[in-house]
Amino acid sequence: MNRAGRARPPGARNELAVIVDDMRTARQAVPTLEPATSDFPSETIAGLSSSPRTLPCKYFYDERGAALFQKICELPEYYITRTETAILRLHAHEIARCIGARSELIGLGTGAGTKTRILLEELEAPAVYIPIDISNKQLRKSTALFRRLFPGLEILPVCTDYLEPFDLPAPQRNPARKVVYFPGSTIGNFEPDEAINFLRRILALCEKKGALLIGVDLQKDRHVLERAYNDSAGVTAQFNLNLLVRANRDLGADFDLNRWRHRATYNSTAGRIEMYLISETDQVVRIGDREFHFRAGEKIVTEFSYKHTLEGFTALARAAGFDFGKMWTDSKRWFGVFYFTVKL
Ligand code: AVJ
């Protein structure tokens with residue numbers, strides 16, 4: 001209520017509030033530098049020297065790559081984002097009840113924040129929101145948006161590669177519990193044993209009484225999967241080939257983009273989509289003083305995207321120290337939003 005005794009319309013704020021918020025914004029400024037942990041040059045050389053040859057998928061997301069990924073999320077064949085968002089919309093109220101009041105919500109790789117927004121709108125009096133993202137630009141944009149959408153909420157963005165150890169900022173209010181939100185099925189990029197290790201690190205982040213809300217793509221018909229990663233508009237191909245564009249720009253490599261093609265296949269034994277860049281001809285690629293020889297048909301592995309089952313993923317989380325709480329899914333059981341609590 002303002003002094004006139006009328007409730008202020010949502011979004012309207014007095015000048016003092018704006019000044020205080022500006023001060024807060026200044027104090028909580030997002031670091032301007034990209035995280036220093038990125039080692040694209042050495043990882044590229046090492047990956048191209050190994051057998052099979054690999055390029056790490058975390059380097060997809062430069063500015064162009066992030067924009068291409070946004071486009072992928074809107075493709076008719078790419079069901080993942082749409083399905084996860086629909087599950088959240090349907091069940092946000094129940095999810096919020098599981099999480100409870102005055103939580104500290106820690107978002108890992110929350111990007112533009114579309115899904116987190118749905119969750120925050122349902123949460124009861126969250127104490128603080130800590131978005132963690134490797135893309136500084138993305139983080140600044142979403143933080144500015146969320147400060148407007150949730151004016152009473154403390155937001156403490158952290159720009160870092162969450163694969164590396166990092167410290168959480170200290171909120172002003174003491175939360176009832178810490179809850180990590182890891183959407184998008186990014187956990188699918190981890191080998192199962194790596195996934196357990198990563199889940200252990202999440203467990204350490206959220207401590208006792210903590211919880212994990214995580215989006216996981218589920219195993220399904222291979223045709224659905226292969227269509228999702230070989231879209232007819234060729235956006236995923238551009239996204240994959242962007243690794244070579246980036247190597248050319250950032251490392252002075254001389255990949256000829258016309259001599260590489262994208263391909264994704266489902267390995268049902270391993271339960272994963274495998275993404276490749278395939279050499280169309282015998283060719284030599286130079287990076288600095290190194291030469292890499294490729295045969296026609298030779299592949300570079302660029303991404304594994306694991307698909308899990310309810311039982312399989314619950315077993316991974318359990319091995320990391322979590323108790324299964326619930327999984328919300330869609331009518332086709334294509335995607336799961338899992339809720340785990342830290343084992344007592
Ligand atoms: C961001 C890892 C969830 O595996 O579906 C999309 C990345 N790669 N299309 C996925 C991706 C090709 C995506 N994740």
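Atom set for the values below is all heavy atoms of this structure, side chains included, hydrogens, waters and symmetry mates excluded. We count ligands from 1, going down the list as the structure has it; atoms in each ligand are counted the same way. Model, not experiment: these values are computed from the prediction.
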With no hydrogens and no angle check, is any side-chain donor or acceptor of T54 less than 3.5 Å from a backbone partner on V301? no

Side chain proximity check, N248 to L257, heavy atoms < 4.5 angstrom: yes

Main chain of I99, side chain of R177: is a donor-acceptor contact present, judged purely on distance under 3.5 Å? yes

Quick note on ligand 1: atoms under 4.0 Å from a heavy atom of Y61 include exactly 1 (C), 7 (C)

Does R102 pair with E124 as a salt bridge, N-O distance under 4.0 Å? no

Is the backbone N or O of Q172 less than 3.5 Å from a side-chain atom of E154, with the two atoms forming a donor-acceptor pair by type? yes

Between F60 and F69, does the ring centre distance come in under 6.0 Å? no

Please verify whether a non-hydrogen atom of Y306 lies at under 4.0 Å from ligand 1. no

Please classify the Y79 to ligand 1 contact at 4.0 Å (heavy-atom distances, strictly less than): side chain, backbone, both or neither. neither

With nothing but distance in play, are any N or O atoms of E303 less than 3.5 Å from an N or O of ligand 1? yes

At a non-hydrogen distance cut-off of under 4.0 Å, which region of I80 contacts ligand 1 (side chain, backbone, both, or neither)? side chain

So, does D133 use its side chain to make a donor-acceptor pair with the main chain of G111 at under 3.5 Å? yes

Is S185 close enough to touch ligand 1? Criterion: a residue heavy atom under 4.0 Å from a ligand atom. yes

Verify, without hydrogens or angle tests, whether D231 (side chain) and Y78 (backbone) share a donor-acceptor contact under 3.5 angstrom. no

What is the closest protein heavy atom to atom 3 (C) of ligand 1, and at what distance does it sit? G184 O, 3.0 Å

Got the closest protein heavy atom to atom 13 (C) of ligand 1, with its distance? Y78 OH, 3.3 Å

Selected option - heavy-atom contact closest to atom 9 (N) of ligand 1, from F190, Y229, F304: Y229

Which atoms of ligand 1 are found less than 4.0 Å from any heavy atom of N189? 2 (C)

Test of proximity, S305 against ligand 1: N or O pairs below 3.5 Å: yes

